[in-house]
Amino acid sequence: MEERYPFETIEPKWQKYWTDHGVFKVDTAVHEKKYYCLTMFPYPSGTMHVGHGRNYIIGDAVTRYKMARGFRVLSPMGWDAFGLPAENAAKQRGVHPKEWTYSNIKQMKRQLQSWGIGYDWDREIATCHPDYYKWTQWVFLKLHERGLAYQKNAPVNWCEYCTTLANEEVLADGTCERCGRKVVKKDLTQWFFKITEYAGRLLDDLSLLDKWPEKVRTMQGNWIGRSEGARIEFTIAETGDPCPVFTTRPDTIYGVTFMALAPEHPLVGKLLADNPHAATIRAFVETQKMVSAAERTDDTTKKEGVFTGFHVRNPYNGERAPLWITNYVLMEYGTGAVMAVPAHDQRDFDFAKTYNLPIKVVIQNPDTPIDAASMQAAYVDDGVMVNSAPFDGRGNREAMHDMIRYAKEHAFGEFTTHYRIRDWLISRQRYWGAPIPIVHCPDCGAVPVPETQLPVLLPDDVDFKTERGNPLSYHEEFVQTVCPKCGKPARRETDTLAQWLCSCWYYLRYVNPRLTTEAYKKEDVDYWLPVDQYIGGIEHAVLHLLYSRFILKVLHDAGTCSFREPFGALFTQGMICKRSEKDGQLHKMSKSKGNVVSPDELIREYGADTVRLYTLFIGPPEKDAEWNEAAVEGAFRFLRRIWRRVYETRAILLASKGLKPDLTKMETPERDLYRKLHESVAKITHDLEGAFQFNTAVAQIMELVNSVDALKLTGHSSDQSKAVYRETMESLVILISPFAPHIAEELWMELGHPPGILAAPWPEVNRSALARDEIEIAIQLCGKIRSRETIPTRLSPTEVEAYVLALESVKTMLKGLTVRKVVVVPGKLVNVVAT
RNA sequence: GGGCGAGUGGUGAAAUUGGCAGACACGCAAGACUUAGGAUCUUGUGCCGCAAGGCUUGGGGGUUCAAGUCCCCCCUCGCCCACCA
């Protein structure tokens, strides 16, 4: 052992040891205690910065802690390897996407290892590997089989760079989530998954996820967006065509004064025939189609519309109301038609004011009556129904149910639930993805490739230089095939699967990563899943995490697994930011902002343990944090200090191996240290056991080391001093091992143990060590602190009161006052209320 | 507009059920040891004040013996959803 802390030699040494001894290997068999700790696998984009590291360091701390608690921990890692940047690299630099991806994987794997993250690398997967995507294609077939995969010609979100996008990938400002370009609508025939069919279950089962952050559940709830209401069958008065609406406010239906259609509504075409207003209508509809969704739904966009010349008939009262086409109604939600009630909906009110349409009050404010002629805004609160024939006089909320039932009895309406979520668009017009296993036959249509013919291999030899869209569609050998059903010549589907699908089921594959006959074994996944702890970034709250839940439910319904949710507990860590030199602002680390911190350099300078310790100490892990170079130094100094303590006292430590701490024989200094040790064990265990408070756990270790220094140990110290010191140092090394595993392994050996600290049991709290004879409490006068006193802990609250009131200092304090009340908080304070 | 979360020293931050605000660390200051080092150790460090003492958790009210924590109003910031019928 050397005096200097030689992180650069011990770190590679222990990394090699973990690999050579298969410390993180786990077999799939049933164990007494299992734990599946999963960190979201990365996209292999190149090299990682310290911000990426937080994710893996947290996962590793959990893995190592659970192992020390005696769990068999499944801790796998892999690569979300299909996707756009690889293809762009190919276009720009002439490197094959496969080559680019695998070389990045190599880089990033080296980085993960240099951080000392423990994975069972025998289970490594890459979604771009045929042995993996074969089963991604199988997942597609399962959905197809169950009628959940379908093609439709639909306007899709189109980014000229990233091609087709799912709704979830379009940001609120109408730009592409990945590249920031403007997204436009484009008509294409595409493959969709019917996630809408699972909307109700995906929403309801959120309540099962009690170990998920509230925030993520809320976000998914918002995204799914359930609203309860009614479908009411209006009809076009002149033609008798049905024109149903969805409404959440059927109680306002007697106040309908016009009907508003979306410009894309299918009725619009029909209404144009022989219509004197045709030219105006057509012009309006065409203008609206040019406006992007983001612009149209912008708050500041003025409400506009055009009268069709037609009317609708309100089935409740037979009234005729003019039919308008407007820019504020969306075809994507409800039926694309809105019964407009200006008196009780602000949007309808605004529109009615603009075009001078009538306003009819049907919900009266019971406090200050409103009147259509003078109202300045829609009245959207509850009240008493008026002008509503049979329902007059009733409370609107209370009457709502009866109103829908009335519609149902008269066969012009029913209760319905609408969801905001749209079907999931999974087609991508790109090369670097899993080919959709479909063959288009002129006779049989879209035929799924039989499971026995999987995988549909992605050819290597394609021309990436093409500017004509998907390179795959120009690869004749790939495209030309025969129909699996009739054997006639047919064309392969050339769209590939969105990369999201690959990452929707990878957590299952880790259990049986090399299985060639199935995607996974039911009995194995039923044992290991749901994942006990999933760790990743909040940015996946509605994409990956929602898609995965959906796919798992489908796989469950297909009978391939017994559980209903993939991830039992979820932890979302905050981002690490750094002030950018360019603009002085805090940003998440990125190359374009020029604020990335490379772990490679830091590891060279301070070692991986320092980087890990600092990353965990930086702040609460769920919150964003600012990287501070100077504070890294502090973490390094702390580790070096521990190293030096062991080095300086090594002879004493080794000589006292047989000594046992004995509470009855301890003097105060060792008694205090012994108590601090066990307080620390309790605190750190609590922080790691689900609380995920690594920052305070590290702080507690620092406190413990400060206490160790307070016990000035020498060769002449008593046996109890030595015994307590040794136990403290041993426990300390174990307690720090999830955070700084390399130094922990090395010191564990220096303390005279065989190598392999993960085999050492986590320290247990000795309750009697926590006891103390005296305690310092605060003395308050009317809630204000006046002094502090040390009192015996054996006193009951009544005795404490008497004891404190008898103290000279307290008597002085109370001179001339009358005691009204005394509040004793055991172990904390005594508050004397006196006047 | 709706929902969720946050606001504490120079900085990152602590604070089971309401119970000693600022643990731990960074930074800073002073000192010790040293043939100057970005090493180590000691001490100090919320603010005002020479001091006694007073003030202090975004602002203002309230409940309580006691409020960072609970209630009401307001301000600021972040995130999600949003002409959703």
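Lettering follows sequence order; numbering is per chain, from 1.
- Of the candidate nucleotides B:C41, B:C83, B:A14, B:C83 has the atom nearest to the side chain of A:Asn327.
- A:Val329 comes within contact range of at least one nucleobase, with a heavy-atom separation under 4.0 Å.
- Separating the CZ atom of A:Arg820 from the P atom of B:C65 is a distance of 14 Å, rounded to the nearest angstrom.
- Of the listed nucleotides (B:C24, B:C41, B:A85), B:A85 has the atom at the smallest distance from the side chain of A:Val338.
- Remark: A:Asn695 is in phosphate contact with B:A14, judged by side-chain N or O atoms under 4.0 Å from OP1 or OP2.
- For B:C84, there is no paired base (Watson-Crick or G-U wobble, both distances below 3.5 Å).
- In this structure, A:Lys215 reaches the sugar-phosphate backbone alone: every heavy-atom distance under 4.0 Å involves primed, P, OP1 or OP2 atoms, never a base.
- Each of A:Lys588, A:Gln573, A:Met575 was scored for a side chain to side chain contact (heavy atoms under 4.5 Å, CB included) with A:Asp624, with one residue passing: A:Met575.
- Using the Watson-Crick or G-U wobble rule with both distances under 3.5 Å, B:A14 pairs with nothing in any strand shown.
- Comparing the same atom, P, in B:G10 and in B:C65 gives a spacing of 34 Å after rounding to whole Å.
- Nearest to the side chain of A:Met702, among B:C83, B:C24, B:U40, sits B:C24.
- Judged by atom type and distance alone, A:Lys303 reaches the base of B:C83 through a side-chain donor-acceptor pair under 3.5 Å.
- Of the candidates B:C80, B:G38, B:G19, B:G19 carries the atom nearest the A:Leu829 side chain, counting heavy atoms from C-beta on.
- The partner of B:A39 cannot be assigned: no Watson-Crick or G-U wobble pair with both contacts below 3.5 Å exists in any strand.
- Taking atom NZ of A:Lys578 as the reference point, atom P of B:U11 lies 18 Å away to the nearest angstrom.
- Outside the 6.0 Å centre-distance limit, the rings of A:His344 and A:Phe349 are not counted as a close aromatic pair.
- At the heavy-atom level, A:Gly634 lies under 4.0 Å from the strands shown only through sugar-phosphate atoms.
- Nucleotides B:U76 and B:G58 have their C1' atoms positioned 7 Å apart, rounded to a whole Å.
- Side chains of A:Tyr419 and A:Arg226: a donor on one and an acceptor on the other come within 3.5 Å.
- At the phosphate of B:G38, neither OP1 nor OP2 sits under 4.0 Å from any side-chain N or O atom of A:Arg637.
- Taking atom CD of residue A:Glu3 and atom P of nucleotide B:C41, one finds them 12 Å apart after rounding to whole Å.
- In this structure, A:Leu206 CG and A:Met219 CE are separated by 12.0 Å, a value rounded to the nearest 0.5 Å.
- For A:Tyr355 and A:Trp324, the ring centers sit closer than 6.0 Å to each other.
- Here the side chain of A:Thr218 is nearest to one of B:G3, B:C65, B:C79, namely B:G3.
- Remark: A:Arg640 is in phosphate contact with B:U40, judged by side-chain N or O atoms under 4.0 Å from OP1 or OP2.
- The ring of A:Phe694 has its center no closer than 6.0 angstrom to the ring center of A:Phe617.
- Shown here, B:C55 forms a base pair with B:G46; the pair counts as Watson-Crick or G-U wobble because both key distances fall under 3.5 Å.
- Nucleotide B:C79 forms a pair with B:G3, judged by Watson-Crick or G-U wobble geometry with both contacts under 3.5 Å.
- If you check every strand for non-hydrogen atoms under 4.0 Å, A:Val825 touches a base.
- Regarding A:Leu639, its CG atom lies at a distance of 16 Å from the C1' atom of B:C26, rounded to whole Å.
- Of the C1' atoms belonging to B:G18 and B:U11, the separation is 29 Å, rounded to the nearest Å.
- Taking the centre of each ring, A:Tyr606 and A:Tyr614 stay at or above the 6.0 Å mark.
- If you check B:A14, B:G38, B:A85 against the side chain of A:Ser227, the one that comes closest is B:A85.
- The distance from atom CE of A:Met219 to atom C1' of B:C80 is 5 Å, rounded to the nearest whole Å.
- Using C1' as the reference atom, B:U35 and B:U45 are 33 Å apart when rounded to the nearest Å.
- For A:Arg347, counting side-chain heavy atoms from C-beta on, the closest listed nucleotide (B:C84, B:A15, B:C24) is B:C84.
- B:A67: no Watson-Crick or G-U partner with both key distances under 3.5 Å is found in any strand.
- The six-membered or imidazole ring of A:Phe351 lies near that of A:Phe258, with a centre-to-centre distance under 6.0 Å.
- Put simply, NE2 on A:His686 is 14 Å from C1' on B:A14, counting in whole angstrom units.
- Note on A:Gln700: nothing from the nucleic acid sits closer than 4.0 angstrom, heavy atoms only.
- Separating the P atom of B:U57 from that of B:C70 is a span of 15 Å, rounded to the nearest Å.
- More than 90° away from 0 lies the glycosidic angle of B:G44, which makes this nucleotide anti.
- Candidate nucleotides B:G19, B:C26, B:A85 were compared by shortest atom distance to the side chain of A:Tyr333, and B:A85 ranks first.
- When each of B:C84, B:C26, B:A15 is scored by its nearest atom to the side-chain atoms of A:Lys683, the top-ranked nucleotide is B:A15.
- One atom, CD of A:Gln693, and another, C1' of B:A13, lie 13 Å apart when rounded to the nearest Å.
- Residue-level contact check: A:Asp345 touches neither bases nor backbone, having no heavy atom under 4.0 Å from any strand.
- Rounded to whole Å, the separation between the P atoms of B:U69 and B:G9 comes to 15 Å.
- Comparing the C1' positions of B:A85 and B:G78 gives a spacing of 30 Å, expressed to the nearest Å.
- Nucleic acid contact class of A:Glu776 (heavy atoms, under 4.0 Å, all strands): base.
- Remark on RNA chain B: of its neighbouring residues A:Cys782 and A:Asp350, the 5'-side contact belongs to A:Cys782, judged by nearest-heavy-atom nucleotide.
- Between the C1' atoms of B:C24 and B:C77, the separation comes to 27 Å (whole Å).
- Following rounding to the nearest Å, A:Asp624 (CG) and B:G7 (P) show an atom-to-atom distance of 14 Å.
- With the nearest nucleotide of RNA chain B identified for both A:Thr696 and A:Asp709, A:Thr696 has the one nearer the 5' end.
- Distance from the side chain of A:Asn222 is smallest for B:C81 among the nucleotides B:A14, B:A66, B:C81.
- Note that the NE2 atom of A:His265 and the CE atom of A:Met331 stand 5.0 Å from one another [nearest 0.5 Å].
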